[in-house]
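To start, the structure under review is shown below, and the notes come after it.
Read the numbers this way: they start at 1 and go in the same order the structure lists the ligands and their atoms. The figures here come from the full heavy-atom set of this structure, side chains too, leaving out hydrogens, waters and symmetry mates.
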Amino acid sequence: MKRFELERAIRENELVLHYQPMVEVPSRRLTGVEALVRWRHPERGLVSPLEFIPEAEATGLIRRLTFWVLREALLQANVWRRDGSALTVAVNLSVDNLHDPHFRRYTELTLKVAGGPEQLIMEVSSRALARDPDPPIPILELMRAKGIRVTLDDASDEDAHVLERFPVDIVKVSRGLVSRMGRDHRALDYVRAVVSAARGRGIEATAVGVEDEATWAMLAEIGFSSAQGFLIAEPMPAQQLSEWRAARV
Ligand code: C2E
Ligand code: MG
């Protein structure tokens with residue numbers, strides 16, 4: 001993946017956001033969505049973020065990419081709010097964004113145009129924060145002071161201690177652990193430990209990657225307050241999400 005190609009993608013609007021429903025446990029009530037970027041490549045079709053986010057981080061293009069995602073997600077949140085069906089929108093950030101001196105101002109400007117800090121959630125990878133020699137804690141606190149919620153994303157067994165160090169509202173337990181916990185006691189023990197540590201601090205826990213009813217049936221008892229996964233729905237374009245919502249009620 002060449003830098004100039006990715007640059008073009010951002011400039012020429014080849015990026016698209018898909019939205020994956022997040023539902024309350026145990027009611028399955030829809031509360032929000034996670035915005036997940038894809039690249040609608042003219043020759044290659046829909047390209048996964050796993051194939052171009054690392055490149056965006058390595059080349060510094062992650063600034064423009066994240067700014068685009070933030071703006072697009074907030075504008076979409078506005079559309080839903082105007083339609084009378086408000087949803088929270090969770091956006092994935094790279095830890096590089098939190099070190100970017102322009103990030104704060106861009107977020108403030110975007111909020112000025114699109115509004116709705118209470119509808120915005122910022123997700124940051126737990127591992128990236130844990131590895132950071134100079135963790136960007138003040139900016140996380142600043143975002144929370146504005147009413148934006150912060151999620152520690154993709155929590156896995158290596159970084160239980162991260163929960164104690166970072167000011168967050170939500171912790172997302174990784175798909176790897178959630179998908180294993182039904183048949184692997186160690187995974188289950190770890191999930192229980194993270195969820196109870198989170199709840200002890202007033203932090204909500206979300207399960208990612210719930211694919212079957214057997215896993216769903218475990219969530220409430222473990223203490224999860226919300227979940228996302230293919231059992232509920234895959235990520236989809238905004239228009240399709242509206243149809244999905246309409247078909248559900
Ligand atoms: P993530 O933030 O952990 O997002 C959840 C990923 O798990 C998504 O993959 C989603 O499609 C997938 N997923 C959710 N439920 C299930 C399930 O039940 N089964 C399976 N097999 N998969 C499930 P996706 O969309 O490919 O995104 C991968 C990663 O790329 C994300 O992981 C996130 O770290 C990164 N990413 C996506 N969009 C952005 C973005 O706008 N900015 C940045 N910096 N990173 C992004
Ligand atoms: Mg995420």
Side-chain angles (χ1 to χ4, degrees), residues 1 6 9-10 14-23 28 32-40 45-77 88-100 103 106-107 110 120-129 136 149-156 159 168-182 204-216 218-219 224 226-238 240-241:
M1 203 71 54
L6 190 53
I10 301 171
E14 288 175 11
L15 299 183
V16 284
L17 290 184
H18 283 191
Y19 299 91
Q20 184 176 36
M22 299 176 61
V23 298
R28 304 197 191 206
V33 291
E34 177 171 7
L36 295 154
V37 73
R38 277 98 180 80
W39 179 356
R40 214 164 24 200
L46 212 57
V47 180
S48 153
L50 300 174
E51 287 187 45
F52 60 88
I53 294 288
E55 179 74 9
E57 288 176 342
T59 56
L61 280 173
I62 193 69
R63 168 191 283 174
R64 280 164 60 198
L65 186 144
T66 302
F67 288 176
W68 181 86
V69 170
L70 258 177
R71 191 181 136 85
E72 182 75 10
L74 271 171
L75 291 174
Q76 184 58 56
T88 61
V89 181
V91 164
N92 292 282
L93 303 181
S94 156
V95 81
D96 298 346
N97 296 131
L98 297 172
H99 287 293
D100 180 347
F103 177 75
Y106 188 83
T107 303
T110 309
L120 182 60
I121 301 177
M122 291 181 163
E123 302 195 352
V124 192
S125 147
S126 168
R127 209 155 321 137
L129 275 178
R149 272 166 294 164
V150 173
T151 295
L152 196 64
D153 203 3
D154 215 19
S156 71
D159 36 41
V168 301
D169 304 277
I170 302 162
V171 62
K172 272 193 172 180
V173 178
S174 74
R175 179 155 64 88
L177 281 170
V178 170
S179 63
R180 286 204 324 271
M181 70 186 186
E204 281 178 36
T206 301
V208 178
V210 178
E211 290 189 351
D212 51 58
E213 291 289 350
T215 306
W216 175 272
M218 301 172 74
L219 301 179
F224 282 108
S226 64
Q228 66 191 85
F230 292 179
L231 174 69
I232 304 297
E234 291 188 24
M236 58 189 117
Q240 200 180 321
L241 188 87

If the cut-off is 4.0 Å to any non-hydrogen atom of Pro235, which atoms of ligand 1 fall inside it?
11 (O)

Strictly distance-based, threshold 3.5 Å: is any side-chain N or O of Gln20 a donor or acceptor partner for the main-chain N or O of Ala233?
yes

Under 3.5 Å between some N or O of ligand 1 and some N or O of Ile53?
no

Which value, rounded to the nearest 0.5 Å, describes the distance between Thr206 atom OG1 and Leu219 atom CG?
10.5 Å

Is the closest N or O pair between Thr66 and ligand 1 shorter than 3.5 Å?
no

Identify which protein N/O/S atoms are less than 2.8 Å from the Mg ion (ligand 2).
Glu34 OE2, Asn92 OD1, Glu123 OE1, Asp153 OD2

Interfacing atoms of ligand 1 (cut-off 4.0 Å, heavy-atom, Gly209)
15 (N), 16 (C), 17 (C), 18 (O)

Ligand 1 atoms nearer than 4.0 angstrom to some heavy atom of Val69 are 41 (O)

If you take the nearest heavy atom of each of Asp212, Val95, Asn92, which one is closest to atom 34 (O) of ligand 1?
Asn92

Ligand 1 N/O within reach of Glu34 N/O, cut-off under 3.5 Å
yes

What residue and atom, counting heavy atoms only, is the protein's closest point to atom 32 (O) of ligand 1, and at what distance?
Leu36 CD2, 4.8 Å

Evaluating non-hydrogen atoms only, which member of Arg38, Glu123, Gln228 is closest to atom 25 (O) of ligand 1?
Arg38

Any Lys/Arg nitrogen of Arg38 or Glu72 sitting under 4.0 Å from an Asp/Glu carboxylate oxygen of the other?
no

Heavy-atom side-chain contact between Ser125 and Val95 under 4.5 Å:
no

Non-hydrogen atoms of Lys172 versus ligand 1: any pair closer than 4.0 Å?
no

Specify the protein heavy atom at minimum distance from atom 38 (N) of ligand 1: its residue, its atom name, and the distance to 0.1 Å.
Val37 N, 3.2 Å

Quick note on ligand 1: atoms under 4.0 Å from a heavy atom of Glu211 include exactly 17 (C), 18 (O), 19 (N), 20 (C), 21 (N)

Flag: protein heavy atom within less than 4.0 Å of atom 11 (O) of ligand 1:
yes

Report yes if Asp154 has an N/O atom closer than 3.5 Å to an N/O atom of ligand 1; otherwise report no.
no

Do me a favour and list the nearest non-hydrogen protein atom to atom 28 (C) of ligand 1 with residue, atom name and distance?
Leu50 CD2, 3.7 Å

Residue pair Tyr19 / Leu17: nearest heavy atoms and the distance that separates them
OH-CD1, 3.5 Å

Just do the side chain to side chain contact (heavy atoms under 4.5 Å, CB included) check on Ile53 and Glu57 with the steps written out, would you?
CA-CA 6 Å; Ile53 294 288; Glu57 288 176 342; 3.9 Å; yes

Tell me, do Met122 and Leu70 make a side-chain contact under 4.5 Å, heavy atoms counted?
yes

Note: ligand 1 atoms sitting under 4.0 Å from heavy atoms of Val210 are 18 (O)

Check the pair Trp39 / Glu51 against side chain to side chain contact (heavy atoms under 4.5 Å, CB included), numbers first and verdict last.
CA-CA 10 Å; Trp39 179 356; Glu51 287 187 45; over 6 Å; no

Do Leu46 and Arg40 have side-chain heavy atoms sitting under 4.5 Å apart?
yes

Which residue and atom name correspond to the protein heavy atom nearest atom 14 (C) of ligand 1, and how close is it?
Gln20 OE1, 3.1 Å

What's the shortest heavy-atom distance between Ala207 and Phe224, and which atoms?
N-CD2, 3.5 Å

Residue Gly229 vicinity, atoms of ligand 1 by number, heavy atom under 4.0 Å
15 (N), 18 (O)

I'd like to know if the side chain of Asp154 reaches the main chain of Ser174, judged simply by a donor and an acceptor atom lying under 3.5 Å from each other, with no hydrogens or angles considered.
no

Quick one: closest heavy-atom pair of Trp216 and Leu231, and the distance?
CB-CD2, 3.6 Å

Atom pair CG/CD of Leu6 and Glu14 - distance to nearest 0.5 Å:
9.5 Å

Pairs of nitrogen or oxygen atoms closer than 3.5 Å, one from Pro49 and one from ligand 1: do any exist?
no

Donor-acceptor contact present, side-chain Ser48 to main-chain Leu50, <3.5 Å
yes

Tyr106 and Phe67 aromatic ring geometry - parallel, tilted or perpendicular at 30°/60° bounds
parallel

Looking only at protein heavy atoms, which one is nearest to atom 7 (O) of ligand 1, and what is the separation?
Arg175 NE, 3.8 Å

Establish whether atom 2 (O) of ligand 1 and some protein heavy atom are separated by less than 4.0 angstrom.
yes

Enter the distance from Lys172:NZ to Gln228:CD here, rounded to the nearest 0.5 Å.
3.5 Å

If you scan the protein for heavy atoms around atom 20 (C) of ligand 1, do you find one that is closer than 4.0 Å?
yes

Please determine which of Asp96, Asn97, Asn92 meets the side chain to side chain donor-acceptor pair (under 3.5 Å) test together with Thr66.
Asn97

Among Trp68, Phe230, Phe52, closest by any non-hydrogen atom to atom 23 (C) of ligand 1
Phe230

